Amino acid sequence: MKFTNIISPFLAWGRAAKKADTVAFPSADRPGAPRYRGFHINDLEKCIGCGRCEEICQNAALDMTPTPLTQFKEGDTGLRPRVDYGRCCWCALCVDVCSTGSLGMTNEYLWSSVDADEFIYTPGLEAKPWDDSSRGYRQAQDILGWAGGARREMPVLPPDERIKTFDEVVMGFIEEDAVAEAARCIQCGLCVSACPAHMHIPEYLLAIAERRFRDAVEIFYQNNPLPEMCGKVCTRRCEMVCALGHQGEPIAIRWLKRFATERFDSLAEVMRMWERKAPTGKQVAVIGAGPAGLTAAYYLALAGHDVEVFDADRKGGGVTRSGIPMYRLPDQSLDKQMEVFKNAGVTLRFGQTIDQSRFVSLCSDFDAVFIAVGLTGALRLRIEGEDLGGVESALDLLARVNLEDDASPVGERVVVIGGGNVAMDASRVARRLGAQVVLSYRRRVQDMPADDEEIEEAKEEGIEFRTQTIPLRIESRGSKLLYLYGNAEMIPDQKGGRPRPRLMEGTEHELEVDRVFVAVGQAPDLGFLPKEISDQLKVDWGKIVVDADQFTGVPGIFAGGDITPGRDDAISAIADGLRAVRGIRRLLEG
Amino acid sequence: MRTDPQKTVRLFFGPQHPGVTGNMSVELWVEGDEVTKGISRVGYLHRGFEKLMERRLWIQNFPLVCRMCVPETDVNEACYAEALELLAGIDVPVRARWLRALVLELARLGVNLMSLGGQGGTIGLGTAAQWGITYRDFVLDLLEELSGGRIYHMFILPGGVRRDIPSGFFSRVETVLETIEERLPEFDRLLFDNAVFQTRTQGIGVIRPEWVDELGLVGPMARACGFARDVRQDDAYEIYDQLAFDVVTETGGDIFARALVRRRDIALSIDLIRQIMKRTPDGPVAVQLPNLTRWRIPAGEVYAKVESSRGEYGYYVVSDGGLRPRRVHVRGPSYVHGVTLLERMLVGTNIADVSNLMVSLTICPPEIDR
């Protein structure tokens, strides 16, 4: 041992003269680091209550609870996370997986209270000093999947190919892509409440993700007897509210439904195991073999009732067959789905027009009648020249092409008036029939009721959009037509609706075309109802008003689909059909 | 073994004893001030980690594993992440690998400072303990800035690291490294040049070289006996094969030699951190993981290991292709050091040297009580 070894430790006293490394608490504040994982904050407005945070929490520290400030609405469960700081381990997985990015953690870490229950709190609801803190841990790069990864690309025909053919634009997923896409689902179930038919979306996505495709189809059929049609053309309310859509792209729920049904050449084969209940001896007449009528017929038949469906067309499907072009919904697909109805014991009677006398006899022959005739009339432009030859309803064009396979040319140049899905369909059909198409719409593109995807595809196919154009009149010029229109300016709607178009006086343009197709909406036609019945019905804007069970108020008569108020799309019609089943079964089975 | 009841006193040392490393105890049979027999009593920290992991989703175990070792949490995260990556076939971005090495070295630096200080603390040199903790706190400040947590960093994630470094982070790391480097000579004078420290550590708690292979000793315990064993070099993980360094060894095998290995490991960590900071490439820091609640990892089994401050630390993970691990087994070095080795070494030890010995073995009880 050396002498220096006895002296050297005492040199540590030198430190005493230097500045201390510690800070004095509480006089000196020591804030957490800028990305410190401290107390939670939550933007209640932004949060949709999907419950992803609750699901990922390994300590069950988060609990989705109702709050007085939020309520259930489409795309929002109304629930908000409540944190139990007795359980929280501050790992911030909840922040990283938050589908909206509303949840965060501040760099605050001091909170004392004598009441232990205070530490179970709902961020954003109870005011805290750190509510406005901008520091702390926030969502950054998406590695933990708040956006669910990239949506699988759906292969489509290139635009220049598809204008030559009525083949389907969408080519469908391959199995690997479908499974990967379905596996993105976080099972929040927001889609279920948004879907009018409340299909069991998380369940069937799980089935697809686990390659249980037969199970998936069976789940579809629990509340949708036309899944392949919906898989191709549904307006997909589900995807609009998908939690992953907030910061990424929603799951391709529609395409996955299509994928699962297309795996099977025969859906009737898959659904064979569905046993019908013992016959009840009750009879139900369904007028109209569209989505609403078929849905009601299917589930009523399964319940053991004798169901006869009457339709004026030669095949079932209603407007989904006559109005939706082949490149979106091929005939073969509908034919394949129609087989299931036959298997379920539904009697389908096509080519049957129901008039007043026939309706009366139906009412007396059957225990219940379900009116699902859809919208059979077209709205008119109410301008001069509308009745000229060559001016036609877009629906007539679609029906001619779809039902009669009439692919005769419609001329070199046509104009389609309107901005809804029918206008898009008619434009794209006319394009496939070889015409140059101009689309004339009163409002702007962003105001169009048509699906964004359809608008995009129409543009790709070379449809010329002339927006903010108001039809003035149509004149005849030789063998051609002259479409005259004025420009519109947008004025805000007093009631907060879409801005309204107003004609700018003095503007007038002309367009020489071969044909004019009018797609400004459809109208109900209740002419088949005898007066004594229609007098008893409550009619609003030409549509039959019904209750929550689709009951019209006239004993034994139910109505649904586009003929009743509400959204005019296939899935809403299916939902109407399901409600009618509930109402009719209550009536027949007590 | 002499256990004459007339002469022997049975003494419970810990779990509530400042000289015990963490939450464990040893039961001692003492004659005079000499220990004649010692048994490690563990179980106070048993939280059933390995079993818990079998009922949690793969990702939910990521905030859990770090709790296996409080002073050096990152080795658990690294092992778990690496095991999952091997099983799932995830290719980790290069930058993430460098950042992981940075975090692992920072953590090693911090824990070595603490245990070196602790070594002084057990023999009454409280100043060293305070300093060690203070310097470690500088490192913890850095880790807090990087990860958002001081102790449980939860930074090394399967697939990469959780965040990129904040801007200017490397310069702040450098400042801390310089501060520590500047103060280390003072630290040395307080410990290694100190007659008290020398007297209480030299020739005490000697590990015989033949025990190393017999018991499976790793880390500083083996290196202080002249075995150049270091996973960083023997079976390089992350980017350690791209770093230039020599494994630190000493030959004494006593407490002093182990302290010296730690002291030199501090210098090595500082050097490695500088190398890492100089060479970390740009690029992404993580890959996109699949849907976490639906994440199935292909069936298989894998052993992933890293070099912790206490030696080889390994995770044996078995997947049956499900949403959760089938089995996770943690190989903590303290299991050997804290039970088999300690019980052997306690015999013949002076009672005043028991905690001295335990600290020099850097026993981390949660690794034993998984």
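Per chain, numbering begins at 1; letters A, B, ... match sequence-line order. Keep in mind it's a predicted model, so treat the numbers as computed, not measured.
Annotation for B:R294 and A:Q187: closest pair NH2-NE2, 2.8 Å, computed over non-hydrogen atoms. A pairwise comparison of heavy atoms in A:Q58 and B:P63 identifies NE2-CB, 3.3 Å as the closest pair. A:R35 and B:L146 get closest at one heavy-atom pair: NH1-O, 2.5 Å. Closest approach of A:I56 and B:Q60 over heavy atoms only: O-NE2, 3.0 Å.
Of the possible polar contacts, none joining the B:R189 side chain to the A:L11 backbone as a donor-acceptor pair under 3.5 Å is found. Side chain of B:E186 to main chain of A:A12: no donor-acceptor pair is present (N/O by atom type, distance under 3.5 Å, no hydrogens or angles). Side chain of B:N291 to main chain of A:A183: a donor-acceptor pair is present (N/O by atom type, distance under 3.5 Å, no hydrogens or angles).
Heavy atoms closer than 4.5 Å to chain A are found in both the backbone and the side chain of B:L64. Heavy-atom distances place both the backbone and the side chain of B:E144 under 4.5 Å from chain A. Within the 4.5 angstrom heavy-atom criterion, only backbone atoms of B:D164 (N, CA, C, O) approach chain A. For a residue to count as touching a neighbouring chain, one of its non-hydrogen atoms must lie under 4.5 Å from one of that chain's; by this rule B:T134 touches chain A with the side chain only. Residue contact with chain B, scored on non-hydrogen atoms closer than 4.5 Å, is absent for A:A20. For A:D96, the part lying near chain B is the side chain, with the backbone staying farther off; criterion is any non-hydrogen pair under 4.5 Å. Of the two parts of B:T199, only the side chain, counted from C-beta on, holds a non-hydrogen atom closer than 4.5 Å to a non-hydrogen atom of chain A. Using a 4.5 Å cut-off between heavy atoms, B:P290 does not touch chain A at all. Heavy atoms closer than 4.5 Å to chain B are found in both the backbone and the side chain of A:A92. Only the backbone of A:R184 comes within less than 4.5 Å of a heavy atom in chain B; its side chain stays farther off. Using a 4.5 Å cut-off between heavy atoms, B:W131 contacts chain A through its side chain alone, with no backbone atom that close. Only the side chain of B:F62 comes within contact range of chain A, with heavy atoms under 4.5 Å apart. If you measure heavy-atom distances from A:R135 to chain B, you find no contacts under 4.5 Å at all. Only the side chain of B:F138 has a heavy atom closer than 4.5 Å to any heavy atom of chain A. Contact of B:I59 with chain A is made through backbone and side chain together, with heavy-atom distances under 4.5 Å. Only the backbone of A:C57 comes within contact range of chain B, with at least one heavy atom under 4.5 Å from a heavy atom of that chain.
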Task: side-chain contact (heavy atoms from CB on, under 4.5 Å) evaluation trace for B:D141 with A:R30 - done: CA-CA 11 Å; B:D141 284 345; A:R30 202 277 182 191; 2.7 Å; yes
Task: Audit row: A:R52, B:L292, side-chain contact (heavy atoms from CB on, under 4.5 Å) steps and yes/no - done: CA-CA 10 Å; A:R52 181 73 166 156; B:L292 297 174; 4.2 Å; yes
Task: Stepwise side-chain contact (heavy atoms from CB on, under 4.5 Å) test for A:K2 and B:Q198 - done: CA-CA 11 Å; A:K2 288 182 277 182; B:Q198 289 169 355; over 6 Å; no
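Rounding to the nearest 0.5 Å gives a distance of 11.5 Å between CZ of A:R15 and CG of B:L190. Rounded to the nearest 0.5 Å, atoms CZ (A:F10) and OG1 (B:T127) are 10.5 Å apart.
Between chain B and the residues A:V97, A:T4, A:L206, the largest count of heavy-atom pairs under 4.5 Å involves A:L206. Ranking A:G148, A:A180, A:G32, A:C89 against chain B, the residue ahead of the rest is A:C89, based on heavy-atom pairs under 4.5 Å. Residue with the most contacts toward chain B among A:A150, A:G14, A:C185: A:C185 (heavy-atom pairs, distance under 4.5 Å). Across B:H153, B:R162, B:R150, the residue that shares the most heavy-atom pairs under 4.5 angstrom with chain A is B:R162.
For residues 116-125 of chain B, heavy-atom neighbours of chain A at less than 4.5 Å comprise no residues at all.
A donor and an acceptor atom, one from each side chain of A:Y137 and B:R163, are located under 3.5 Å apart.
By the 4.5 Å heavy-atom criterion applied to side chains, A:P9 and B:V196 are not counted as neighbours.
Salt bridge B:E182/A:K18: absent, no basic N to carboxylate O contact under 4.0 Å.
More than 12 heavy atoms of other residues, nucleotides or ligands lie within 6.0 Å of CZ in B:R67, so this atom counts as buried by the packing criterion.
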